[in-house]
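Counting convention: from 1, in listed order, for ligands and their atoms alike. All values reported here derive from a predicted model rather than from experimental measurement. Throughout, residue positions are numbered sequentially from 1 according to the sequence presented.
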Amino acid sequence: MHDMFEANGGSNLVPLLLVYSGKIIGGHEAVPHSRPYMVLLEINMSDGQKKHCGGFLLNEDFVMTAAHCCAKSYTVLLGAHNVNSNSEIQRISVEQAFPHKHFNATSLVNDVMLLKLSTKANFNENVKPIPLAGRDNGTLPKSCILSGWGRTDKNGKYMSPKLMEISVTLIDNKECAIENFYCSQGDTGPAEGDSGGPLVCEDGKAFGVVSSAVTPHSGGSDIYRYSKIPDSRNWIFSTIGNAMIKV
Ligand SMILES: *[C@@H]1O[C@H](CO)[C@@H](O)[C@H](O)[C@H]1NC(C)=O
Ligand SMILES: *[C@@H]1O[C@H](CO)[C@@H](O)[C@H](O)[C@H]1NC(C)=O
Ligand SMILES: *[C@@H]1O[C@H](CO)[C@@H](O)[C@H](O)[C@H]1NC(C)=O
């Protein structure tokens, strides 16, 4: 993460997009298939590079991820735990991508995107959707967990073959709130390749989407930002509704 920060010429904002193929820092392996909504997204950039992001299944037609994972084409992997064992992984291409209409690629505000699958996901024990959190009532959600196949150490280049997870505690931060992010802070958190994965809290609902890391000007450990789902609910439901009508 810090390598990328320097490569970016001193910008203090790093989208958690994986350049090679990389894991959650400080986490542990998830119980296989305990998070059946998890999606591994393989993406093809227009310059021919291949990258990975996380995502999560909303229903049989839609996956949610981060808008900075926007690419030329995508393959969605469902039902995966160890990506090296190809058994029972559903691979589905994406028919259309809907980045948030107010996504700002500089500030990464509204870093959410919906992907409409070209064929319906086949639900089973290992493939199930996750419900979205309701409206924000002003209290930070508790007992939050992240999962992903991103890098597991700050200098590593390769993705984790197995799904990793980590608990995070959300912090009360004014700048985060203004930009519609939930935030956590510390030496452990999401890494490159975890972008787009869900922040799952208290009642097992998706409250956020892994977006980016910021190194505070004042020093201190990195702040990790998650796009707030409660703030995007209207956009999510109208986008899905409109996309289904057009079919
Ligand atoms: C990426 O592009 C290659 C060909 O250029 C194609 O075979 C592959 O399916 C694409 N992968 C994704 C994730 O779309
Ligand atoms: C995007 O964010 C940057 C940095 O915060 C800001 O300067 C710019 O005005 C924003 N763009 C739009 C269209 O809001
Ligand atoms: C907000 O919602 C959470 C559960 O999502 C609940 O624990 C909390 O008491 C609520 N706070 C208020 C002020 O309603």
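Scored by the side chain to side chain donor-acceptor pair (under 3.5 Å) test, Gln185 finds no partners at all (sequence neighbours excluded).
Side chain to side chain, Glu175 and Asn173 fail the donor-acceptor criterion of an N or O pair below 3.5 Å. In this structure, a donor-acceptor pair under 3.5 Å is absent between the side chains of Ser211 and Arg225.
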For this session: Go through the steps to decide whether Lys142 and Cys201 satisfy the test side chain to side chain contact (heavy atoms under 4.5 Å, CB included), and finish with yes or no.
Result: CA-CA 6 Å; Lys142 297 193 175 58; Cys201 306; over 6 Å; no
Problem set entry | CA sep, side-chain torsions, deciding dist, call: His100, Met113, side chain to side chain contact (heavy atoms under 4.5 Å, CB included) | CA-CA 6 Å; His100 193 289; Met113 176 164 71; over 6 Å; no
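Contact detail for Cys69 and Ile43: the closest heavy-atom pair is O-CD1, 3.6 Å.
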Expected rows: ligand 2 N/O, protein N/O, dist below 3.5 Å:
| from | atom 1 | to | atom 2 | distance (Å) |
| --- | --- | --- | --- | --- |
| ligand 2 | 2 (O) | Asn104 | OD1 | 3.2 |
| ligand 2 | 2 (O) | Asn104 | ND2 | 2.4 |
| ligand 2 | 11 (N) | Asn104 | ND2 | 2.8 |

